[in-house]
Amino acid sequence: MSDAPTTEADVSEAEAPAAETRHGALITYSRGQRVVHPTRESYRAVVEGLRHDGFEMCVDITAVDYLANPARELPAGIEPERFEVVVNLLSMANLERIRVRVQVPDADARIDSLFSLYPGTEAPEREVFDMFGIVFDGHPDLTRILMPDDWEGHPLRKDYSTGRIPVQFKHPPATR
């Protein structure tokens, strides 16, 4: 027998530890918090399973535009997309938080709404739609909430032009 340390190449797939999952979605940890990575197609079912597990409150829904950082760290098997929808759930009975991160492609920026599971997501989903242009299928009133109805574009996208507002300067007062 050799005293050399075992490398990944020495471990067969049968001996390798199985990836941790919950409701079929991969799990990682970030700063001590469990993070679930469902596919876009399994997103609603995974969140519904978490609700049945006791995560009775959806604290927040937001999104991130990774246009400038496409090579971010994700678990093996999760393909990075331009957008990521992030959902924070809370179990008050178990004193536990869990984060859900789901990849959303730029070419088809849409995902299922969680409104029927958590009615409090109505406004946060509208904010994500307004600021990032991600459509939540099944949302009861997916309209702008922060920007005027006739506003063009989505201000939190990394490719959104900030534009310029001309600044008018006065000449300094004459010196004596």
Side-chain angles (χ1 to χ4, degrees), residues 5-9 11 13 15-106 108-137 139 145-146 154-160 162:
T6 306
T7 64
E8 243 181 71
V11 179
E13 278 191 34
E15 296 170 346
E20 186 179 354
T21 62
R22 189 146 183 189
H23 300 289
L26 291 171
I27 291 181
T28 60
Y29 289 85
S30 174
R31 304 189 188 284
Q33 184 178 55
R34 192 175 326 191
V35 181
V36 182
H37 300 269
T39 63
R40 186 169 59 151
E41 294 74 26
S42 68
Y43 164 69
R44 192 177 186 295
V46 168
V47 173
E48 188 171 5
L50 292 170
R51 180 165 172 80
H52 289 295
D53 291 347
F55 289 93
E56 65 264 35
M57 178 184 284
C58 180
V59 178
D60 190 24
I61 294 179
T62 190
V64 180
D65 183 353
Y66 282 106
L67 180 66
N69 186 15
R72 65 195 174 277
E73 188 174 325
L74 289 169
I78 301 294
E79 291 299 319
E81 296 288 353
R82 176 176 175 181
F83 298 109
E84 183 174 275
V85 170
V86 182
V87 180
N88 291 293
L89 302 175
L90 177 65
S91 171
M92 293 179 287
N94 299 324
L95 301 176
E96 184 181 4
R97 289 179 175 270
I98 198 165
R99 186 178 323 137
V100 179
R101 291 175 55 190
V102 60
Q103 304 301 302
V104 179
D106 183 23
D108 185 24
R110 49 187 336 109
I111 193 165
D112 289 334
S113 173
L114 298 180
F115 179 78
S116 63
L117 296 172
Y118 299 100
T121 62
E122 190 265 342
E125 287 181 349
R126 286 178 63 194
E127 288 178 11
V128 170
F129 166 71
D130 197 1
M131 297 288 105
F132 292 93
I134 298 172
V135 174
F136 288 85
D137 294 326
H139 190 282
I145 190 170
L146 298 172
H154 305 282
L156 290 183
R157 285 187 172 207
K158 298 290 184 196
D159 56 359
Y160 184 79
T162 56

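Since the structure is predicted, the reported quantities are computational estimates derived from the model, not experimental observations.
- Pairs engaging residues 56-71 under the salt bridge (charged side-chain N to carboxylate O under 4.0 Å, His left out) rule: Asp65-Arg82 [sequence neighbours left out].
- For Glu84, the side chain to side chain donor-acceptor pair (under 3.5 Å) partners two or more places apart in sequence, or in a different chain, are Arg101, Gln103.
- Residue-environment remark: CD (Glu41) exceeds the threshold of 12 foreign heavy atoms within 6.0 Å.
- Applying the side chain to side chain donor-acceptor pair (under 3.5 Å) test to Thr21 and every residue at least two apart in sequence or in another chain returns nothing.
- Formation of a donor-acceptor pair under 3.5 Å by the His23 side chain with backbone atoms of Gly49 is found in this model.
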Next on the checklist: Run the side chain to side chain contact (heavy atoms under 4.5 Å, CB included) test on Phe55 and Ile98 for me, step by step, so that the C-alpha distance in whole Å, both residues' side-chain angles and the decisive distance to 0.1 Å come before the verdict.
Outcome noted: CA-CA 8 Å; Phe55 289 93; Ile98 198 165; 3.5 Å; yes

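- Every residue was checked against the salt bridge (Lys or Arg N to Asp or Glu O under 4.0 Å) condition with Arg97, not counting sequence neighbours, and none meets it.
- Taking the side chain as every heavy atom from C-beta outward, Leu67 and Asp159 approach each other to under 4.5 Å.
- Remark: His52 engages Glu48 in a side chain to side chain contact (heavy atoms under 4.5 Å, CB included) (not counting sequence neighbours).
- Residues satisfying the salt bridge (Lys or Arg N to Asp or Glu O under 4.0 Å) criterion with Asp112, sequence neighbours excluded, are absent altogether.
- Interatomic distance, CZ of Phe136 versus CD of Glu122, reported as 12.0 Å (0.5 Å rounding).
- Among residues two or more places apart in sequence or in another chain, the side chain to side chain donor-acceptor pair (under 3.5 Å) test is passed with His154 by none.
- The minimum heavy-atom distance linking Ser91 with Gly54 is given by the pair OG-O, 3.1 Å.
- Comment: Glu96 engages Arg34 in a salt bridge, judged by a side-chain N to carboxylate O separation of less than 4.0 angstrom.
- Here the side chains of Val135 and Asp137 are in contact, with some heavy-atom distance below 4.5 Å.
- With sequence neighbours left out, Ser42 forms a side chain to side chain contact (heavy atoms under 4.5 Å, CB included) with Pro38, Thr39, Val46.
- For the side chain to side chain donor-acceptor pair (under 3.5 Å) test, no residue two or more places apart in sequence or in another chain qualifies with Arg51.
- Contacts of Leu156 classified as side chain to side chain contact (heavy atoms under 4.5 Å, CB included), with partners at least two apart in sequence or in another chain: Met131, Phe132.
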Next on the checklist: Apply side chain to side chain contact (heavy atoms under 4.5 Å, CB included) to residues Leu90 and Asn88 and explain how you reach the verdict.
Outcome noted: CA-CA 7 Å; Leu90 177 65; Asn88 291 293; over 6 Å; no

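- When all heavy atoms of Pro155 and Asp130 are compared, the closest pair comes out as CD-O, 3.9 Å.
- A distance of 7.5 Å separates CD1 of Ile134 from CD1 of Ile111, quoted to the nearest 0.5 Å.
- Counting only heavy atoms from C-beta outward, the side chains of Phe83 and Arg157 approach each other to under 4.5 Å.
- Every residue meeting the side chain to side chain contact (heavy atoms under 4.5 Å, CB included) condition with Thr121, not counting sequence neighbours, appears here in chain and number order: Cys58, Ile61, Leu114, Phe115, Tyr118, Glu125.
- Val100 is listed as a side-chain neighbour of Leu50, based on a closest heavy-atom distance under 4.5 Å.
- Looking only at side-chain heavy atoms (C-beta outward), Val47 and Leu117 come within less than 4.5 Å of each other.
- Arg40 CZ to Asp108 CG: the interatomic distance, rounded to the nearest 0.5 Å, is 4.5 Å.
- A salt bridge (charged side-chain N to carboxylate O under 4.0 Å, His left out) check over residues 19-33, counting only residues at least two apart or in different chains, returns the pairs Arg22-Asp53.
- Side-chain contact annotation: Arg44 with Ser113, donor-acceptor N/O pair under 3.5 Å absent.
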Item to check | Check against side chain to side chain contact (heavy atoms under 4.5 Å, CB included), Glu81 and Asp106 | outcome: CA-CA 7 Å; Glu81 296 288 353; Asp106 183 23; over 6 Å; no

